[in-house]
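Remember, it's 1-based here, ligands and their atoms both numbered in the order they're listed.
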Amino acid sequence: MSDSIHSAIVASTSPAGRPIWLLEGKRTAYAFGLDRFGCLQHMYWGPRLRAASDYGEPGPALERFAHERVEGVSQEEYPAWGDIKYLEPCLKVAFADGVRSVVLRYAKAAILTDGEAPELVITLADEHYPLLVDLHYRLWREHDLIERFAVMRNTGDAPIRLEQTLSALWHLPLDETYRLRTLGGRWGGEFQISEVSVPLGKQIIESRRGITSAHANPWFGIDRNGSASETHGDVWFGALAYSGNWKIVVERNAYGQTMVAGGIHDFDHTWKLDAGESFTTPSFVAGFTAEGYGDASRLLHRYQLDVVMPRSTASTLLPVLYNSWYVTEFDVNFENQAAAARKAADLGVELFVMDDGWFGVRDDDTSGLGDWSVDKRKFPAGLTPLIEYVNSLGMEFGIWVEPEMVNVQSDLYARHPDWIYYFPTRPRSESRNQLVLNFGRADVQAFVLSFMHELLSNHKIRFVKWDMNRSFSEPGYPDAEDGREREVWVRHVQGLYRIFAELREAHPEVMFESCSSGGGRVDLGILRYVEDFWMSDNVDPLDNLLMYEGYSMAYAPKAKMMWVNDAFHWTNRSPSLTFRFHQAMTGALGVGANLLRWNAEEMAEAREHIATYKRIRPIVQHGSLYRLASLRQGDWAAFQYVSADATETVVLVFLHASRYGASRRWLRLQGLAPDAQYRIEGAETVLSGAALMARGVQIELRGDLQSTLLHLKRL
Ligand code: DGJ
């Protein structure tokens with residue numbers, strides 16, 4: 001057996017002499033190789049084994065049934081639709097002569113070691129047509145994650161129509177029964193965890209709304225028959241880095257195969273690949289752990305901090321911000337913003353953000369979107385006096401925009417009614433009284449870049465909340481080139497990413513937030529361009545704890561922005577200020593309450609909470625998260641954060657309602673150094689890491705909506 005080792009990607013041969021490739025992470029391995037037909041066959045994904053020979057042979061690992069040729073015996077890494085195959089295909093195309101079958105065979109492999117992570121590129125070629133497919137496998141060794149994407153290349157001179165272009169298909173171990181965990185919801189109720197035994201057939205999670213969507217999030221977790229917990233059990237998990245229409249298909253057949261395929265949704269999607277052109281899919285990153293959902297989340301969180309988030313701020317702590325949306329809504333002006341700013345500064349807030357309503361004629365949501373000049377009725381001397389005032393209070397200034405939208409009542413729409421998506425014979429359906437601009441158009445991109453450059457160049461703005469408040473409808477583009485009408489979905493996302501990339505490059509001092517009526521655009525694709533996500537418009541702290549549990553399955557605590565609020569029309573609850581602060585402190589902290597109504601006592605309490613948050617912020621934002629207790633299983637929720645060197649830990653504990661007179665419970669901590677001694681701040685108690693993890697700490701809370709914060713430091 002001859003191995004050529006390039007970091008942790010190994011090109012080798014199987015015991016029977018077939019070429020195989022091993023991707024070895026710190027604890028996990030992924031293996032595939034070539035069968036005798038030159039097809040790329042999956043072999044293994046799980047804990048690392050000792051020798052290359054342990055990973056077996058590429059090719060049929062299952063019983064062959066008489067009536068099937070390929071189904072059941074093939075475990076292709078990237079199946080294309082052609083031949084006799086009925087599994088979810090990664091690739092489906094139509095060639096210029098009308099042939100709609102792709103037959104891919106291995107052409108070559110290369111291991112690239114000059115990037116941030118070692119990368120294996122396998123090139124497959126169609127047997128007959130000039131179509132090449134490069135399968136990229138980037139190995140994030142420290143994170144035990146594999147990032148996959150595909151590039152289709154037309155090397156001929158006739159166009160090829162791509163009809164399904166998934167990023168990857170992941171095979172799970174054969175002959176197992178599995179449980180699938182997904183994140184679903186709706187506006188005001190994002191990131192609800194849902195679990196189902198993987199049935200025979202297909203489970204599809206998807207968005208066909210043009211955006212990532214609040215209804216389903218492009219993340220999956222799969223364990224063996226429900227056997228995994230937060231701390232134990234095999235979990236395969238993954239997330240798509242894409243902010244448009246996507247789908248993840250979990251397919252199980254009666255041959256014992258379970259597969260997860262995902263990428264850009266094929267619904268209403270085609271792409272014309274002209275001669276010499278290439279098409280790159282978004283990345284689908286996935287991993288395996290034998291240590292439960294908690295570890296799966298931490299691997300994804302660390303990867304986001306180390307690799308995905310904008311490099312300029314990845315190691316910077318996010319500021320405490322204030323936003324007055326729930327107080328003033330569209331009625332912003334110098335006086336009310338300045339008054340709120342004074343109060344916010346007094347609390348120790350570091351960034352003051354003005355939300356919707358400052359531009360065009362925007363007194364409610366019926367008009368103004370698209371007219372991005374300052375409303376002189378509200379700010380007679382422009383934004384500068386407010387920004388300077390905010391700065392004089394010691395805070396940075398941030399602003400809200402919604403560049404992808406236009407109201408019919410706007411100058412922009414009067415000038416460019418054709419800039420939106422529409423079908424000429426159909427209504428232009430409005431949602432929140434607005435229409436979606438066609439971000440695939442070069443002129444629309446130029447317009448957005450120009451007003452954003454102007455806004456950011458002429459003002460000392462350090463934070464932009466980029467909102468997006470409706471799903472697409474009537475996705476027509478009458479001026480599209482023939483055969484490119486359905487590219488609008490993908491071109492919108494490409495346009496969005498291009499604009500973000502250019503803005504970040506030109507204004508490196510500006511941070512961005514991704515908001516889409518709350519958590520409608522939370523994914524690894526947009527996270528390359530933004531510092532945080534506004535998780536939900538529902539600011540009820542109890543609902544937020546549940547949503548945060550789901551959110552944190554996939555996404556890093558640092559990127560979760562929620563505000564301490566006092567508008568609870570959602571639930572009619574009356575949580576204490578402490579409960580609200582503790583809840584918001586589980587990620588990046590914001591305040592959105594009407595501070596003018598807070599009395600001196602409340603202001604003093606809030607000041608103290610913010611000071612506490614600033615002390616624990618490095619641990620919350622850059623540490624590791626352990627979910628210790630879940631409201632899905634009872635009345636308690638607890639989130640523990642551990643600093644990278646395990647010298648400090650913070651535990652935020654929440655009680656929904658105490659029952660039967662009980663007021664105490666033990667919480668076993670995680671992630672500490674067993675031999676180290678830790679002192680609980682504000683108490684005399686000193687306990688070893690081992691004791692804190694084996695026996696735990698006793699928490700005393702009583703009543704409804706109670707919470708506490710523990711901060712432990714290593715002696
Ligand atoms: C929806 C967002 O989620 C809110 O926070 C707020 O910015 C409004 N849009 C403004 O229109």
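Close approach of ligand 1 to N469 is summarised as follows: ligand atoms under 4.0 Å from at least one heavy atom of the residue are 1 (C), 9 (N). Each of the atoms 3 (O), 5 (O) of ligand 1 lies under 4.0 Å from some heavy atom of W534. Residue contact check: C515 has heavy atoms under 4.0 Å from atoms 2 (C), 3 (O) of ligand 1. Close contacts between ligand 1 and G518 involve ligand atoms 3 (O) [criterion: under 4.0 Å to a heavy atom].
Close N/O approach between R432 and ligand 1 is found [any backbone or side-chain N/O within under 3.5 Å].
Scanning the protein heavy atoms around atom 7 (O) of ligand 1, the nearest turns out to be D355 OD1, 2.7 Å. Of the protein's non-hydrogen atoms, D467 OD2, 3.3 Å is the one closest to atom 2 (C) of ligand 1. Atom 5 (O) of ligand 1 has K465 NZ, 2.8 Å as its closest protein atom, hydrogens excluded (heavy atom only). With hydrogens left out, the protein atom closest to atom 11 (O) of ligand 1 is D356 OD2, 2.6 Å, a heavy atom.
Aromatic ring centres of W219 and Y555 lie farther apart than the 6.0 Å criterion allows. A centroid separation of 6.0 Å or more is found between the aromatic rings of F447 and H416. Within the 6.0 Å centre-distance limit, the rings of W325 and F330 are counted as a close aromatic pair.
Judged purely by atom type and a 3.5 angstrom limit, E350 has no side-chain atom pairing as donor or acceptor with the backbone of L318. Within the 3.5 Å criterion, the main-chain N or O of W534 finds no donor-acceptor partner in the side chain of E513.
Nearest to atom 8 (C) of ligand 1 by heavy-atom distance, out of F330, Y326, W325, W187, is W325. Between the choices N323, D537, D365, V353, the shortest heavy-atom distance to atom 4 (C) of ligand 1 belongs to D537.
In summary, R504 and E531 engage in a salt bridge, as defined by a charged side-chain N under 4.0 Å from a carboxylate O.
Note: H269 NE2 to W246 CH2 = 15.5 Å, rounded to the nearest 0.5 Å.
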*Would you sort out whether N336 and T328 count as a side chain to side chain donor-acceptor pair (under 3.5 Å), showing the intermediate values?*
CA-CA 8 Å; N336 66 25; T328 51; 5.1 Å; no
